[in-house]
Amino acid sequence: MDREILAKGYEPGDIERKWYKYWVDNNLFQAKGHSDAEPFCIVIPPPNVTGTLHMGHALNNTLQDILCRYKKMKGFNVLWQPGTDHAGIATQNVVEKSLASQGTDRHAVGREKFEELVWEWREKYGGIIINQLKRLGCSCDWSRERFTMDKGLSRAVKEVFVRLYEEGLIYRGDYIINWCPRCHTALADIEVEHEDMNSFLYYIRYPFVGRNGHLTVATTRPETLLGDTAVAVNPRDERYGDISGASVLLPIMNRPIPVIFEDYVDTEFGTGALKITPAHDPNDFEIGNTHNLQRIKVIDENGRMNSLAGPYQGMDRFECREKILKDIEDAGLLEKVDPYQNAIGHCYRCKTMIEPLLSKQWFVRTAPLAKAASDAVREGKTRITPASWEGTYFDWMDNIRDWCVSRQIWWGHRIPAWYCNACGEVHVAKEAPQRCRACSSEDLVQETDVLDTWFSSALWPFSTLGWPGATDELKTFYPTSVLITGFDILFFWVARMMMMGIHFMGDIPFKDVYIHALVRDAEGKKMSKSKGNVIDPLVVMDEFGTDAFRFTLAALAAQGRDVKLSEERIEGYRHFVNKIWNASRFALMNLQDKADIETGNHTLADRWILTRLGQVSTEVAQALDSFRFNEAAGICYQFIWHELCDWYLEMAKQGLYGDDKAIKDSTMETVKTAIMGSLKLLHPFMPFVTEEIWHKFTGGASSIMLAEFPKPSDFMYDKDALKKMDLLMGVINGVRNIRGEMNIPPSKSVSILLDMADGEQADIINDNITHIKTLAKVDSIRIESGAPKPEASATAVFGRNQVHVLLKGLLDFDEERKRIGKEIQKIEKEIEASEKKLSNHGFMDKAPADVVEKVKQKVDELSLKREKLKHNLSFFEKI
RNA sequence: GGGCGGGUAGCUCAGUUGGGAGAGCACCGGCCUUACAAGCCGGGGGUCACAGGUUCAAGCCCUGUUCCGCCUACCA
């Protein structure tokens, strides 16, 4: 067996690359379509092909990888399904920008050529984020990588579109939609980001027709007045009770428009009179429908005023606003202008101000789909963790509006609809029809719009598994096990996968949804390029190592709370990685290969650490099973550093360096078991360093990925050992505490006198006397029950025992008086609180017996300790 | 406007059936003890935002106040 000793410190760089290649070359990430093992499946939230890895991805994928690696070690047939989405608008923007830099645009190159260029771009740059995920250590089954625009997924998209259309769940119609004048496309409601802005509320007079006076309306968008086709007031508004049937004259345009009555109008706001522009405002559109108002579109797709805008034709919408205000003011129709704050919609891709426009678009009728998706969570078929997100989910699902799915761009799934140029008949089909079914004309043209990217993402959990084919993968892995994602795409993606999954598969797409938090900077601010507070995960991985970075993310990922990341924190966990490295180094330096190894002669320390390892295995597994990643990480950290390293390995030195072969053999075996067990616990969090060390221990026999995750029955359970170690630690801590307080350097040994409460406890100490000598730097120990306190000694009380540290010539009496006095004070406070409870009849009557018993016991113990401390103190007061 | 989350040690945070206030970092003191100075040993430090209420018992449950963050919304 080749067991080389490790280098003095852990250097991640090359090791990470080496093992990732090893895992892939050995197909360790591959799932089986068929397997007797229980399936576990996660579909990756597909990153945009245009994307590069940011902190959100890093957290999201680290958590997924932790679960996948953990489940694999637990024996599951794990599939982590990877892929990317085509990000229609974003990708098109990137390629258009590149065209612009060459002095051309997509219209000049034409649709077909443009699509080719995007594919070329995707070939060249689309793999960046995939490689970055690999850098992070993600154990995705890359042999199954998918792309939302690839053949299989495109087939699924067509299938779904056609079926929904045939079921009447997709329709085409004229509606007011959110238009981005820069991206030149419609956007779904949730693709609009609202931002509070400082605007103005303009009060504009509309003179009455055929009578004196005017009606004053309040608006934030005076330029839309050109398209007004009514003014509405509330029928219950007494101010306007007498204007039934009246008309007003639209300023500038001098067009008479009716005054209508509409409950929607808020009498409290502005003047209680609302101008109605059905072609440029979603609410006005609705009102226009109920009152049969004309729709006059005055702003075009470029955000410019069109021919119906009269004198303003050709002006930009913002320029027009200024001009129109001036004209109205000149006409004496501008009553006043108030500063006003309102939320204005912006394109989520390019931040351009959205223009609500009247337009012909394709919609998904969501209500019936949403009902089932909502019920599935209500009935607990799909669980959302943390559960607080359920409310948000229900709120959205229960108030959902139809989903505008057509986009006026070229990069995406072209809508499978054909129009007959002869008679206008619409055909929706998977393949292009040869002739019109109504008039037999062959003059058919395909819809130019493409589908919203999220339309294809909504099918991800089943389209990636081969749907609409009936594949083994679908049978094995659908419904998938867990979806891990950020809350920012709860509506965009999770909700829509629920709708589509239930509708087309007849079952939920995943059993659990785990929503994790956002990664913020150390001040809790959202990371953004413009703020300049972005921490690049790749830089972090270079500097601190991937394992340290992953462990940090896991350790900070408490449920329901944002992750505030700072480099100091990552550095701290890099130290932890190094700690494991060095603990392993120590083990490898002291293990020997021997055929005649004699095992089973476990020391107290051996039995203790093995028992603890068993307990910790359960705790970590339970934490991971319930998505408490930070707890799982914390338990590992605490156990490995403060129990395994600080206590066990120090104690193991006695056996390793000693002459007793039986003890030595057993200790070697236990050290190995404890370290390898710890490596297995840590592997899901820090895959690289654990794999590296694992191979040093096993001589490269097999990957740690194939090892079984630790469970209590792998070790031993010795309750007695836990108790005995407690006592031993009590003695050592007592002496260390006194040494520390007295500033006695480690080079200076001390003598102690142990006053043990009973013979049994004295035996435990006797059996482990070398540990006390070594770990507390003691040269001589005397054990005597009830021995009087020696002169010039400092005393620590633990349990019913005490330890006197002999400090002839070293003891500062004042210091010792202070030290004991302080301790007594602390204890008295506790005793007081507990006694108050015990003297409370309510507590004695109503509290459970075990709680009362615990408090009584506490008072007894503390009183005893206080007594001893006081006794010790009196000793010094005599001096 | 509605909803959600949060205010716990100097900093960042944990605290899952209500019953001992914790961690990491920072700080102070002692150590180059041959796995690790990326380390070891010891220590100080908190009216758990504020005010009420429920309870024998509240960081935890309820109500209100206040501050911060986020999501959402068709009051122009």
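- Comparing B:G39, B:U16, B:A35 against the side chain of A:Met589 picks out B:A35 as the nearest.
- Here the P atom of nucleotide B:G42 and the CE atom of A:Met729 are 11 Å apart, to the nearest Å.
- Considering only the side chain of A:Glu650, B:A35 comes nearest among B:A35, B:A76, B:G44.
- A:Gln638 places its CD atom 16 Å from the P atom of B:G15, with the value rounded to the nearest Å.
- Among the heavy atoms of the strands lying under 4.0 Å from A:Lys837 are primed sugar atoms or P, OP1, OP2 only; no base atom is included.
- The gap from the P atom of B:G7 to that of B:C75 amounts to 31 Å, rounded to the nearest Å.
- Comparing B:C74, B:A35, B:A76 by their closest approach to the side chain of A:Phe269 singles out B:A76.
- Here B:G42 is the nucleotide among B:G19, B:C74, B:G42 with the atom lying nearest to any side-chain atom of A:Arg736.
- When the nucleotides B:C36, B:C70, B:A76 are ranked by their closest atom to the side chain of A:Phe487, B:C70 comes out on top.
- A tilted orientation is assigned to the rings of A:Phe285 and A:Tyr175, their planes being inclined by 30° to 60°.
- Ring geometry, A:Phe269 versus A:Tyr340: the interplanar angle exceeds 60°, so the pair is classed perpendicular (tilted spans 30 to 60°).
- Residue contacts shown for A:Phe544 are absent, as no nucleic acid heavy atom lies under 4.0 Å away.
- Taking the six-membered ring where tryptophan is involved, the planes of A:His642 and A:Tyr637 are perpendicular, since the angle between them exceeds 60° and thus also 30°.
- Surrounding NZ of A:Lys854 are at most 12 heavy atoms belonging to other residues, nucleotides or ligands under 6.0 Å away.
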Base-pair map of RNA chain B as dot-bracket, where | denotes pairing with a different strand and pairs are Watson-Crick or G-U under 3.5 Å: (((((((..((((.....[..)))).(((((.......))))).....(((((..]....))))))))))))....
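- When each of A:Ile190 and A:Arg569 is assigned the nucleotide of RNA chain B with its nearest heavy atom, A:Arg569 is the one assigned upstream, toward the 5' end.
- A pairwise comparison of heavy atoms in A:Asn198 and A:Gln341 identifies OD1-NE2, 3.2 Å as the closest pair.
- Checked against B:A73, B:A35, B:A38, the side chain of A:His194 finds its nearest nucleotide in B:A73.
- Summarising the geometry of A:Leu358 relative to A:Arg295, their closest heavy-atom pair is CD2-CD, 3.6 Å, with the distance given to 0.1 Å.
- Closest to the A:Asp266 side chain, of the nucleotides B:C75, B:A35, B:G42, is B:C75.
- Looking at the side chain of A:Lys826, the nearest of the listed nucleotides B:C36, B:G44, B:A76 is B:G44.
- Toward the 5' end of RNA chain B, the nearer of the two residues A:Ala583 and A:Tyr637, judged by each one's closest nucleotide, is A:Tyr637.
- Checked against B:C36, B:C70, B:C75, the side chain of A:Asn578 finds its nearest nucleotide in B:C36.
- If you check every strand for non-hydrogen atoms under 4.0 Å, A:Asn399 touches nothing.
- Across all strands, A:Tyr10 comes closer than 4.0 Å to base atoms (heavy-atom distances).
- As rounded to the nearest Å, B:G43 and B:G59 have C1' atoms that lie 26 Å from one another.
- Minimum atom distance to the side chain of A:Ser388 is reached by B:C4, of the listed B:G42, B:C40, B:C4.
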Kindly give the atom pairs (protein nitrogen or oxygen, nucleotide nitrogen or oxygen) under 3.5 Å for nucleotides 29-32 of chain B.
from: B:G29; atom 1: O2'; to: A:Asn743; atom 2: OD1; distance (Å): 2.8
from: B:G29; atom 1: O2'; to: A:Asn743; atom 2: ND2; distance (Å): 3.1

